[in-house]
Amino acid sequence: SRVSAWAWMTRDVARTAVSLWSDAVRRTPPSRVGPVAAVLAFSAWLAGDGALAWCAVDRSRASDRDDSLASLVADLLDAAASPTSWDTVRGEGPGLVGPAA
């Protein structure tokens, strides 16, 4: 599922994920690109590439206006949330052990 593609992603693999999901967006038909572009948006944000993340959010919303992951990434970008915050959400920040439940 799509959740499996992004929920366990780390900053260590984000740049590689950007490459993979960029290719997937290029190969996906426009009518179905929304969810794929949303994962690219998340990967780009996590890799620290806000410009690409916004482009991917826009691409996702052009196909699926209500995509929840694209909305999440847009909120993160609007808030100028640091990708390091993802470590805490995942339960890997200072003083935390293992993935968050």
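Treat the numbers as computed from the prediction; the structure is a model and nothing was measured.
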| Who passes side chain to side chain contact (heavy atoms under 4.5 Å, CB included) against Leu72, sequence neighbours left out? |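 Testing Leu72 for side chain to side chain contact (heavy atoms under 4.5 Å, CB included), a comparison that skips the adjacent residues, returns Trp6, Leu69, Leu76.
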Return the minimal non-hydrogen interatomic distance between [X] and [Y], and the atom names on each side.
| X | Y | value |
| --- | --- | --- |
| Ala70 | Val57 | O-CG2, 3.8 Å |
| Val25 | Ala37 | CG2-CA, 3.7 Å |
| Gly34 | Ser63 | N-OG, 3.3 Å |
| Asp67 | Pro35 | OD2-CA, 3.7 Å |

Any sub-3.5 Å donor-acceptor pair from [X]'s side-chain atoms to [Y]'s backbone N or O?
| X | Y | value |
| --- | --- | --- |
| Ser85 | Ser82 | yes |
| Trp86 | Met9 | yes |
| Trp21 | Ala44 | no |
| Ser43 | Val18 | no |

| message | Going by the rule side-chain hydrogen bond (donor to acceptor under 3.5 Å, both in side chains), which residues pair with Thr16 if we only count those two or more places apart in sequence or in a different chain? | response |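 Partners of Thr16 under the side-chain hydrogen bond (donor to acceptor under 3.5 Å, both in side chains) test: none.
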| Could you walk me through whether Arg15 and Asp49 pass the side chain to side chain contact (heavy atoms under 4.5 Å, CB included) check? | CA-CA 9 Å; Arg15 184 57 49 200; Asp49 191 340; 3.8 Å; yes
Working to the nearest 0.5 angstrom, can you tell me the gap between [X] [atom1] and [Y] [atom2]?
| X | Y | atom1 | atom2 | value |
| --- | --- | --- | --- | --- |
| Asp64 | Ser31 | CG | OG | 11.0 Å |
| Ser22 | Arg27 | OG | CZ | 12.0 Å |
| Leu46 | Thr10 | CG | OG1 | 7.0 Å |

| message | For residues 61-85, which residue pairs pass the ring-ring contact (aromatic ring centres under 6.0 Å, His included) check, not counting sequence neighbours? | response |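 Sorted result for residues 61-85: empty, none.
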| Verdict with reasoning, Ser19 to Asp23, per side chain to side chain contact (heavy atoms under 4.5 Å, CB included) | CA-CA 6 Å; Ser19 178; Asp23 186 54; over 6 Å; no
| message | Check this for me, if you would: do Asp58 and Arg61 make a salt bridge, where the nitrogen-to-carboxylate-oxygen distance has to be below 4.0 angstrom? | response |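 Here Asp58 does not pair with Arg61 in a salt bridge, since their nearest N and O are not under 4.0 Å apart.
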